[in-house]
Amino acid sequence: MAAFDFKKDLCRRISQVRPTRWVRFGIVAAVFLLWVAWIGNPWWALALLLLFDIYITGYIPFTWWKKSKNKAVTAVMSWVDAIVYALVLVYFVFSFVGQNYQIPSSSLEKTLLTGDYLWVNKLTYGPRVPMTPVHFPLVHNTLPILGCKSYLDSPSNGYRRLKGLRGVESGDIVVFNFPAGDTVCARFEESPEYYDLLVKRYGRETIKRNPDKFGEVIYRPVDRRQNFVKRVTGMPGERLRISGDTVYIDGRAQAMPAQVQFNYIAALGRPIDEERMHSLGMAQGDVQALLAEGPDRLRLQALLPQAAQGDFFYMMPMTQDMIAELRADGTLHDAVKFGDVFRTDGTALNLFPEGLSDNWTLGDYGGEEGLLIPRKGMTVALTPEAWQTYHRVIRNYEGHTDSYMRDGKVYVDGKPADTYTFAMDYYFMMGDNRDNSQDSRFWGFVPEDHIVGTPMRVLISFDKDRSIFNGGIRWNRILKDANPDK
């Protein structure tokens, strides 16, 4: 038996490769090397040898099934090959370019609507290198039907972001991983009642002892936490406060987003029906008819002096454009902001930070000085008030888990500390639907490593209140700018 001559065999294989195959390899290799240069890790360039074998030499028998005489094997494996190819492509596109995202709630109405499907661009801020690189690319954190994790906890990567086109700017609409979603109860993961709230309400031990009610308690890595979308209201290093619903940054009043809306108590001359809600862009679930009989009616009429005797009263979210339209056609007789007449304080709302926000409200937030948003490299004195504001940043987001306050003294990594220097930038996020938005006013700052990207376009939009054949598709929103104020 003649000895195997590797050099001769290699030359033979290369000489038999069709020119079109070389062209395909050249394109793939060029794109791959650009990607390697982008991520800045030259070790990945070794994978070029695998690509060379796949396209040129064929020593690893990836396409063994093409030589099979069994037609069933050939048919099945051709589908498997195409699916694997597609999944690898989707993995890289979703990880490094962008991905689709659905708006599940009304927190950003009327800028983005419930039922909008967005294309989220990850190139603008630079994509994160996947923290959990081994994951199924078409689902976020749970496999459908099976109900198990769609990713492996290890291997894992630390936070690293590739170079983007620009940084996050004030007013941007941003998709990010929910910071307070690091620990979740499986049955409540997609509800507004996140783990910390459940612990306050029921206690940690009750949750642990009742898995049938709360589900398994799971820790989620940063990039597998629930996706949220809000508007950047406060930037790193700024002081934010809200007074009379107006946001002040470092003492300067900020303009309201064009489509911001608040909850109003309104007096209408006629009932508002489904068609009118649809034409105004109101979600039916957000409009609540108020019982107005006897003393209740007298109280409502006192709040709305321009209301007529036979008016109908509603609680409804409205923009200034909606108010103007309803006044113009004579439907709206009077309206007052709910927050202007009914004060719900921070204790009842569980506003952030706990203990300091007891007398704050959604429309008057941050105290006299405002809330200082952490900036990378910024140092703060660790007073008891600072610990109440930043303890989650220190412990949960920056990894100093052995940190606590005892007898009025703060300890970081088990050692007494008078100051703390932040390792990351943080952002304060709010929804445009100000009275119906779970945002930073409830759960605090968003770390830079939680930023996913910014929505660019509405791909398609579905109105959950209507059937497909009766206005269920919002044709006027297809390919609409998803960040119109920027």
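If you're wondering where the values come from, they're calculated on a predicted model, not measured in any experiment.
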- Message: Regarding Arg392 and Asp196, does a basic nitrogen lie under 4.0 Å from an acidic carboxylate oxygen?
- Response: yes

- Item | 4.5 Å side-chain heavy-atom contact, Cys148 and Thr142 | no

- Tell me, do Phe442 and Leu349 make a side-chain contact under 4.5 Å, heavy atoms counted? yes

- For Asp432 and Gln259, test the side chains for any donor-to-acceptor distance below 3.5 angstrom and give the result as yes or no. no

- Within a strict 4.5 Å, meaning less than it, do heavy atoms of the Phe228 and Asn177 side chains meet? no

- Query: Within the distance-only criterion (no hydrogens, no angle test), does the side chain of Asp435 pair as donor or acceptor with the backbone N or O of Asn263 below 3.5 angstrom?
  - Reply: yes

- Query: Are the side chain of Ser440 and the backbone N or O of Met429 linked by a donor-acceptor pair below 3.5 Å?
  - Reply: yes

- Message: Using a 6.0 Å cut-off, check whether atom CE of Met131 has over 12 heavy atoms from anything other than its own residue.
- Response: yes

- Could you tell me whether the side chain of His278 reaches within less than 4.5 Å of the side chain of Asp463, counting heavy atoms only? yes

- Message: Heavy-atom count check: over 12 atoms from other residues, nucleotides or ligands less than 6.0 Å from Arg13 CZ?
- Response: yes

- Task: Would you confirm whether Asp345, through its side chain, and Trp360, through its main-chain N or O, come within 3.5 Å as a donor-acceptor pair?
- Result: no

- Message: Tell me every residue that passes salt bridge (Lys or Arg N to Asp or Glu O under 4.0 Å) with Arg161, counting only those two or more places apart in sequence or in another chain.
- Response: none

- Do you know which two heavy atoms are closest between Phe214 and Thr206, and how far apart they sit? CE1-O, 4.1 Å

- Query: Are Leu152 and His135 close enough that some pair of their side-chain heavy atoms sits under 4.5 Å apart?
  - Reply: no

- Item | Centroid separation Tyr426 to Tyr390 less than 6.0 Å | no

- Item | Any donor-acceptor N or O pair under 3.5 Å, side chains Asn483, Thr454 | yes

- Task: First locate atom CZ of Arg434, then atom CG of Asp245, and finally report the distance between them rounded to the nearest 0.5 Å.
- Result: 7.5 Å

- Apply ring pair (Phe, Tyr, Trp, His ring centres under 6.0 Å) to Trp35 and list each qualifying residue two or more places apart in sequence or on a separate chain. Phe32, Trp44, Phe92, Phe96

- Single hit among Ile83, Val84, Leu89 for side chain to side chain contact (heavy atoms under 4.5 Å, CB included) with Leu87: Ile83

- Would you check if the side chain of Arg231 reaches a backbone N or O of Gly431 as a donor-acceptor pair within less than 3.5 Å? no

- Query: When you check the gap from the basic side-chain N to the acidic O, do Asp116 and Arg477 get nearer than 4.0 Å?
  - Reply: yes

- So with a 6.0 Å cut-off around CD of Glu190, is the heavy-atom count from everything else above 12? no

- Message: Before you tell me yes or no, could you show the steps for Arg128 and Asp223 under salt bridge (Lys or Arg N to Asp or Glu O under 4.0 Å), namely the whole-Å CA-CA distance, both residues' side-chain angles and the distance that decides it to 0.1 Å?
- Response: CA-CA 9 Å; Arg128 293 177 304 190; Asp223 60 343; 5.5 Å; no

- Item | The single option from Tyr195, Phe352, Tyr397, Phe178 passing ring pair (Phe, Tyr, Trp, His ring centres under 6.0 Å) against Trp443 | Phe178

- Query: Do Trp65 and Ser78 have side-chain heavy atoms sitting under 4.5 Å apart?
  - Reply: yes

- Item | Lys/Arg-Asp/Glu bridge criterion (N-O < 4.0 Å) met for Asp172, Arg166 | yes

- Query: Can any side-chain N or O of Glu398 pair as donor or acceptor with the backbone N or O of Met424 at less than 3.5 Å?
  - Reply: yes

- Message: For a quick check under 3.5 Å, do Asn433 and Ser437 share a side-chain donor-acceptor pair by atom type?
- Response: no

- Query: Looking at CD of Glu238 and CZ of Arg375, how far apart are the two atoms once the value is rounded to the nearest 0.5 Å?
  - Reply: 10.0 Å

- If you look at every heavy atom in Gly363 and Ile242, which pair is closest and at what distance? O-CG2, 3.3 Å

- Item | ring pair (Phe, Tyr, Trp, His ring centres under 6.0 Å) between His400 and Tyr420, worked out | CA-CA 11 Å; His400 301 281; Tyr420 182 80; 5.6 Å; yes

- If you round to the nearest 0.5 Å, how far is OG of Ser150 from CZ of Arg224? 6.0 Å

- Nearest heavy atoms of Asn141 and Tyr151, plus distance in Å: O-CE2, 3.6 Å

- Count the heavy atoms belonging to other residues, nucleotides or ligands that lie under 6.0 Å from CD of Glu354, then report whether that count exceeds 12. no

- Query: Would Tyr264 and Phe338 count as a close aromatic pair, with their ring centres under 6.0 Å?
  - Reply: no

- Task: Classify the side-chain pair Tyr194/Gln226 by whether it contains a donor and acceptor separated by less than 3.5 Å.
- Result: no

- Query: Would one find more than 12 heavy atoms of other residues, nucleotides or ligands at under 6.0 Å from atom NZ of Lys200?
  - Reply: yes

- Task: Kindly give the heavy-atom pair with the smallest separation between Asp465 and Gln284, and that separation in Å.
- Result: OD2-N, 3.1 Å

- Query: Would you say Arg395's side chain and Thr401's backbone share a donor-acceptor pair under 3.5 angstrom?
  - Reply: yes

- Would you find a donor on one side and an acceptor on the other, under 3.5 Å apart, between the side chain of His140 and the backbone of Arg225? yes

- Item | Lys/Arg N to Asp/Glu carboxylate O, Asp413 vs Lys415, below 4.0 Å | no

- Any donor-acceptor pair under 3.5 Å from Trp38 side chain to Lys163 backbone: yes

- Phe25 ring center near Phe52 ring center (under 6.0 Å): yes

- Message: Between Arg457 and Asp481, does any side-chain N to carboxylate O distance fall below 4.0 Å?
- Response: no

